2 protein chains.
Amino acid sequence: MNSIRKKGSFAELDETDEIIIKLLQKNARLSNKQIAAEAGIAESTCSERLRKLERNKMFFGFHAFIDSSKLGTNIEAMVSIKLTKFTKEVMEDFKSSMKQLPEVVSIYHMAGYSDFLLYIAARDKDHLRDLIMDHVTKDYVKSVETSLIYDFNFNPLFPIYLDHDK
Amino acid sequence: MNSIRKKGSFAELDETDEIIIKLLQKNARLSNKQIAAEAGIAESTCSERLRKLERNKMFFGFHAFIDSSKLGTNIEAMVSIKLTKFTKEVMEDFKSSMKQLPEVVSIYHMAGYSDFLLYIAARDKDHLRDLIMDHVTKDYVKSVETSLIYDFNFNPLFPIYLDHDK
DNA sequence: CTTTTTTTCGAATACTATTCATTGTAAGTG
DNA sequence: CACTTACAATGAATAGTATTCGAAAAAAAG
């Protein structure tokens, strides 16, 4: 025990855990009974394993994905940001202000061409413009480049790269 | 009845529906009882409303978000793609091939600087390089620009822009 | 091989979801 | 503004699901 692989990072995850994780990636509202049946284990075992996975902070969360067209969102954009300063303080300040904006769905902190990518969902083009001008642009923001998103696609099965070598 | 607003798009969503949706955006594994308590309605009413929301295809799905560091993913990248052709066939071909790759977590179809943005989660840099060269680059792909992602942040409360004017 | 620890299991109990008859509320009609 | 009709909400009863717990099995440690 206590190998580097087992210390907090991945590990102690067996094939059954992987099945449980994949099932919940696909459908987070599955009942314990359904998961147990698909994994081929007893219900009590299944709920115990689930509790253990949660204790080990395997899950960041379980979220409903909504049809945005039914929520009044009519425009989605990717906004590419370059900053003038690269201190940790500035980076963190920008990130935490962006987290506060409900319109900002995803924040990618990048290395390369831009410093941040923001996935923004707005009511309409006026709302988008006002949001960017009033809340995204800051004195330490060097450039802002907005691109329209035609279509967004999410794969719930975030890949799992574990070798069950034993 | 039968106004444009009510036909399939948003509508007939009241404040209680909004509460239910927001609760499930934050935590998709909430029990019906918990949702009912927070929304201040009877359990039977709550499960009926939930069934109705599902019937109206309000939810794309409910997904577990996993701590990627525990799954053997050591590198995440945003890959910006430009194509040589812009026919619907080429676009759709590219999109559907990308959907097949488990490493591709999100696909953004864009208007503007690039045609597609791909959020990719890979084991390591070799895996990333091989994946891009072997499966992302196609004969109709003009350019590929890869940027490392330091950090990704997701806001589960996708914004809701409905006016409950009545 | 024996001991200790951990994991699994199923039956019992505790809890939760759904059904359904009833009541209440809002919208359509003369 | 009564009256009708349709729809939504309620709680009690039933059906179904989750958790607890003692026993047994399996895995790890000595």
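Computed from a predicted model, the values in this text were never measured in an experiment. Just so it is clear: chains get the letters A, B, ... in the order the sequence lines come, proteins before strands, and each one is counted from 1.
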key: Whole angstrom value for the distance that separates C1' of dA17(C) from CD of Glu54(B)   = 14 Å
message = Output the rounded distance in Å from CG (Leu50(A)) to P (dT20(D)).
response = 13 Å
ask   = Would a 4.5 Å heavy-atom cut-off, applied to side chains only, mark Met98(A) and His109(A) as touching?
value = no
message = Is there a side-chain contact between Arg29(A) and the phosphate of dA17(C), meaning an N or O under 4.0 Å from OP1 or OP2?
response = no
query = What's the verdict on salt bridge (charged side-chain N to carboxylate O under 4.0 Å, His left out) for Glu18(B) and Lys70(A), showing C-alpha distance, side-chain angles and the deciding distance?
reply = CA-CA 12 Å; Glu18(B) 247 187 78; Lys70(A) 298 205 168 93; over 6 Å; no
Can you pull every protein N or O that's under 3.5 Å from an N or O on nucleotides 5-9 of chain C?
| from | atom 1 | to | atom 2 | distance (Å) |
| --- | --- | --- | --- | --- |
| dT7(C) | OP1 | Lys52(A) | NZ | 2.9 |
| dT7(C) | OP2 | Lys52(A) | NZ | 3.3 |
| dT8(C) | OP1 | Arg49(A) | NE | 3.4 |
| dT8(C) | OP1 | Arg49(A) | NH2 | 2.6 |
| dC9(C) | OP2 | Ala42(A) | N | 3.0 |
| dC9(C) | OP2 | Thr45(A) | OG1 | 2.8 |

request  = Return the minimal non-hydrogen interatomic distance between Lys142(A) and Thr84(A), and the atom names on each side.
outcome  = CB-CG2, 3.6 Å
note = note: Leu30(B), atom CG; dA18(D), atom C1'; distance rounded to Å ~ 16 Å
key: Lys/Arg N to Asp/Glu carboxylate O, Lys95(B) vs Asp115(B), below 4.0 Å   = no
message = Can you measure Lys33(B) atom NZ to dT17(D) atom P for me and round it to whole angstrom units?
response = 17 Å
inquiry  = If I take atom CG in residue Asn32(A) and atom P in nucleotide dA14(C), what distance separates them, rounded to the nearest angstrom?
reply    = 19 Å
query = Closest heavy-atom contact between Tyr161(A) and Ala121(B)?
reply = OH-O, 2.6 Å
task = Give the minimum heavy-atom separation between Arg49(B) and Ile41(B), together with the two atoms involved.
result = CD-CD1, 4.3 Å
